[in-house]
Visitor: 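I am attaching a structure below and will ask some questions about it afterwards.
Order of the sequence lines sets the chain letters (A, B, ...), proteins ahead of strands, with each chain counted from 1.
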Amino acid sequence: MKFGVVVFPGSNCDRDVAYVTRDLLGQPTRMVWHQDTDIADLDVVIIPGGFSYGDYLRCGAIARFSPVMQQVVEHAQKGKLVLGICNGFQVLTEAGLLPGALARNQDLHFICDRVPLTVESTNSLWTQAYNPGEVITLPIAHGEGRFYADEATLSEIEDNGQVLFRYAGENPNGSLNNIAGICDRQGNVLGMMPHPERASDPVLGGSDGLKLFQGLLEKVVALA
Amino acid sequence: MTATSPFSPQEIAAEGIKPEEYAEIVRRLGRHPNKAELGMFGVMWSEHCCYKNSRPLLKQFPTTGPRILVGPGENAGVVDLGEGLQLAFKIESHNHPSAVEPFQGAATGVGGILRDIFTMGARPIALLNSLRFGSLEDPKTQRLFSGVVAGISHYGNCVGVPTVGGEVYFDPAYSGNPLVNVMALGLMETPEIVKSGAAGIGNPVLYVGSTTGRDGMGGASFASAELSDESIDDRPAVQVGDPFLEKSLIEACLEAFKTGAVVAAQDMGAAGITCSTSEMAAKGGVGIELDLDKIPVRETRMVPYEYLLSESQERMLFVAHQGREQELIDIFHRWGLQAVVAGTVIAEPIVRIFFQGAIAAEIPADALAENTPLYERELLAEPPEYARLAWEWSSEALPTGTTAGIEIQGNLHSWQDILLTLLNTPTIASKNWVYRQYDHQVQNNTVFLPGGADAAVVRLRPLEGQGSRGAGEQGGVNSLSGVAATVDCNPRYVYLDPYEGAKAVVAEAARNLSCVGAEPLAVTDNLNFGSPEKPIGYWQLSEACRGLAEGCRELATPVTGGNVSLYNETFDTQGNPQPIYPTPVVGMVGLIADLTKICGQGWQGVGDVIYLLGASITTLGASEYLATIHNTVAGRPPRVDFDLERRVQKVCREGIHAGSVRSAHDCAEGGLAVALAESCLAGNLGAEIHLEVSPTQLQRLDEVLFGEGGARILVSVVSTQQATWESYLQEHLGQNWQKLGIVGNTDTDLAVLTTDNQTLIRVSIEEMNDRYQNAIARRLAL
């Protein structure tokens, strides 16, 4: 399974993600420069965390106009996999691949912590390696992670079972319905504020995030 | 000699130049300087740039050792970590800017120290900071504190370098003059360490990074003067940072260095273009011609004085190999950054600045950067009165206590109330309010989270292209080595006895590294002091340097560089100078050969046996207990016993490596009781402690519980290894250890009992947690 990690100026978790997919999981992985226009070789596109274009104007608002994003949209429309983590989630909502928006944290501070999350559904290929209802712990690190959507959109997301991760303990940022991660209607695009790549290496004391990536590999094995 | 000066004494003084220094400038140039040149001398001859007051003192520091690759004088020090890994590290202050504009002052402090690291060809892998503020009850302090933390958070998080550790002190001595010291670590990513000396006559000089504007005019001079009520009007002297540009600059610079087209590099920090051109020229023994018309600007109609003194952020100066400049320019353009050829290396050792076709400034390079003024001052013949009076204090001045507690001004305070009060002291309490705002995990190498261990531990991941074998193959990951880092200074110790206090600073830093299992390697120091022009200020500086030098020699941790910040005084409205506590912050790095053999400060398992390594002798002099509970800053700080210090630290490290020691924690502010509480809180486990005190013994109970002393480490050991461990202790420490008790479970309290089973302290984890975790947030909420 071939992974591509998008690099915008200001991305800063790009190497962390590649470390997991390439070094820990041994999957072919390449960095995708934001001006690249050919990503046909990729199975999974990951938009990593960071501060793309300095998060100027609004998080993800400038990144969505990057040449590569047109390709990412087409990639998603083909039903291929797209994962946005943290700033990547913000970019995906700005690009219209995911509903809702990420607003400033309720307490107005950046928050770096480890939080418990409920895996809401294991029917998705993103979460198939988890157990139903499993509570996992993942790191978060964001200033704008408060998920917001209007009432109609929110109930649509909920009714379709698009919420894959929910904050299980105290809601850290004021997200509506404690939402931490959602997928699109088809299920091939996932956006999440927590960082699974930061909980993938046992040396750093936690591997709850690794299962997300492993689940994708199992899927491919199953298809083959 | 020459015609009368074109400048009034006020104009000269406004550049921070003393009359005798002006005379020296005229002598060296053989003429009067013009306005731009005067400004260049002003910043380059400031303490911040040339260390004119501290250089003779810094000379006594040990600076060499088997692992030292680059010592003082370059942008950062570099140590050899083995296996081809090299670590660049350095500390720097941004005190004055942070006092005036806390957010940008602190943010640009982070940006500046990061540039020192990646200028060498190293990728920044970690940040630490050492912060000091006035009393947190003071609304002004709350504003400064929140602003500084927000500034560090803003810059560090965006630039993608984890802030993994640090220290924060609150004391009225810093109310008008907070200290913001930032330390950065980087792993060399280029085959050769990039130096700053210009070379190769005819080679092009490139200006890269951001544009130049009027921000930060004369920041170095501003940083080398006392703060006054009017300093707030100096806000233009504070620079504005852009971490997004810096992140791109890191990537572009590392990429550029790897091409081999760069001869030398220097970041533009204090004194901007002036400092970088003259330092690069002077270090290389050559000259540089620079054309200001080529410099990309963000403002119009700037004059040479402004170009030369601007401290606009995120800029660098390169010397490139002739003919390869375009290659470099392309890299920077790809990252959306400026890059232009703005000058040339010349043989004549002169910095020559052109503006609109004419020479705007022409100064011998070493007159600005190397051959700078030097002040040797006279040391007081005997310690100043404040110290002698403080040393007369003894614990006999305090009321005596009983097992029930101690009566202070008619009120009985139980020992557990005192413990809870200390845990609720912002200096001792958890700094979670602070580090929750810092991204401490980005880069995926943070092994210990802040608050979990005595030092930060970062995994050393193999360099890009070396460890990972590329697409499709199983990557060669998991280097098991790591680096530990800490920043330390107990300024009350240094204030009360600069020599002993400074030795204790070095010892504590090394002890913190040993507590995680790391071998201490080297030091970067940040000397924050008052005015050296005053006898007491100079005495503090001089004595502290003597102590630091001795400490670094005794513990075999050479100094690889650092920063000097003097004139940390504020004038109150009556015009009286109020110096800060002398604060020589030590940043120390250590090597961890095997990341599976390290430990944190929290208890690990029910039934583990708790020991105190080191001497049982402590003192209440200069202690946190004395200051917080008895409102007294007096006495002598503990004296460092380097022999015992080395032995205790070695035993601790070897115990960790052998797998017997499962937690280790330095007994620092608040003594044994606070250390016990912190180990309980970090491990979320209680403990039952039996102290060897009986009703007939002479030692004061508060001294046993809260007294402070060096070379003391609290450890817990797997119970099955008790016998081997104790014989090991006996062999290496003789009598200098004691068994204290047993680790309990989550529901057990921290209980401290006497030999005859009288309870001194019994307090639940929940109650301690409430005080410890919320002390800072609670004060800010008021």
Side-chain angles (χ1 to χ4, degrees), chain A residues 2-3 7-31 33-35 41 48-56 62 86-87 105 107-114 139-143 172 195 197-206 209, chain B residues 123 146 149-150 153-154 156-163 242-248 250-252 334-337 432-433 435-450 452 458-459 461-462 464 467-480 482 595-596 600:
Chain A
K2 188 160 184 184
F3 288 84
V7 183
F8 299 109
S11 294
N12 63 28
C13 302
D14 44 337
R15 285 181 174 77
D16 304 2
V17 170
Y19 169 67
V20 174
T21 60
R22 181 187 56 208
D23 297 339
L24 293 181
L25 294 173
Q27 297 301 305
T29 300
R30 74 173 172 96
M31 307 314 265
W33 185 239
H34 66 111
Q35 286 164 335
D41 58 320
F51 292 70
S52 55
Y53 299 93
D55 275 353
Y56 292 133
I62 302 177
C86 200
N87 191 229
N105 292 347
D107 73 353
L108 305 182
H109 290 301
F110 189 96
I111 302 173
C112 180
D113 210 336
R114 274 60 48 198
I140 54 168
H142 57 249
H195 287 269
E197 82 281 12
R198 295 187 186 182
S200 290
D201 190 345
V203 178
L204 307 179
Chain B
R123 175 174 293 278
S146 312
V149 171
S153 160
H154 162 73
N157 296 352
C158 180
V159 82
V161 180
T163 302
D242 182 346
F244 164 62
L245 264 177
E246 178 112 330
K247 167 68 174 154
S248 296
I250 294 175
E251 302 299 338
R334 203 159 58 80
W335 284 98
L337 297 166
N432 59 5
W433 188 88
Y435 58 71
R436 225 168 103 89
Q437 297 185 51
Y438 301 154
D439 190 338
H440 42 257
Q441 289 187 287
V442 64
Q443 295 194 12
N444 234 347
N445 290 318
T446 309
V447 179
F448 282 132
L449 299 168
V458 176
R459 178 241 320 254
R461 214 194 294 166
E464 218 176 315
S468 42
R469 287 176 220 146
E473 290 174 57
Q474 182 64 44
V477 282
N478 284 343
S479 146
L480 277 178
L595 279 175
T596 62

Visitor: Let me know if A/Ser11 has heavy atoms under 4.5 Å from chain B in its side chain, its backbone, both or neither.
Guide: backbone
Visitor: Pick one of side chain, backbone, both or neither for B/Val159, based on which atoms fall under 4.5 Å of a heavy atom in chain A.
Guide: backbone
Visitor: Could you tell me which portion of A/Arg198 (side chain, backbone, both or neither) has an atom closer than 4.5 angstrom to a non-hydrogen atom of chain B?
Guide: both
Visitor: If I measure from the heavy atoms of chain A, does B/Leu245 come under 4.5 Å with its side chain, its backbone, both, or neither?
Guide: neither
Visitor: Is B/Asn432 in contact with chain A via its backbone, its side chain, both, or neither, using a 4.5 Å heavy-atom distance?
Guide: neither
Visitor: Taking side chain as everything from C-beta outward and backbone as N, CA, C, O, which of these in A/Tyr56 sits under 4.5 Å from a heavy atom of chain B? Side chain, backbone, both or neither.
Guide: side chain
Visitor: For the backbone of B/Ala150 and the side chain of B/Gln437, can you confirm whether one donor and one acceptor N or O come within less than 3.5 Å of each other?
Guide: no
Visitor: Side chains of A/Phe51 and B/Lys247: closer than 4.5 Å at any heavy-atom pair?
Guide: no
Visitor: Quick one: salt bridge (Lys or Arg N to Asp or Glu O under 4.0 Å) partners of A/Arg114, sequence neighbours excluded?
Guide: none
Visitor: Please determine whether a side-chain nitrogen of the Lys or Arg among A/Asp201 and B/Arg459 lies less than 4.0 Å from a carboxylate oxygen of the Asp or Glu.
Guide: yes
Visitor: Using non-hydrogen atoms and a 4.5 Å limit, figure out which bit of B/Glu251 sits close to chain A: side chain, backbone, both or neither.
Guide: side chain
Visitor: Going by the rule salt bridge (Lys or Arg N to Asp or Glu O under 4.0 Å), which residues pair with A/Asp107 if we only count those two or more places apart in sequence or in a different chain?
Guide: none
Visitor: Given a strict heavy-atom distance threshold of 4.5 Å, which part of B/Thr446 is in contact with chain A: side chain, backbone, both, or neither?
Guide: backbone
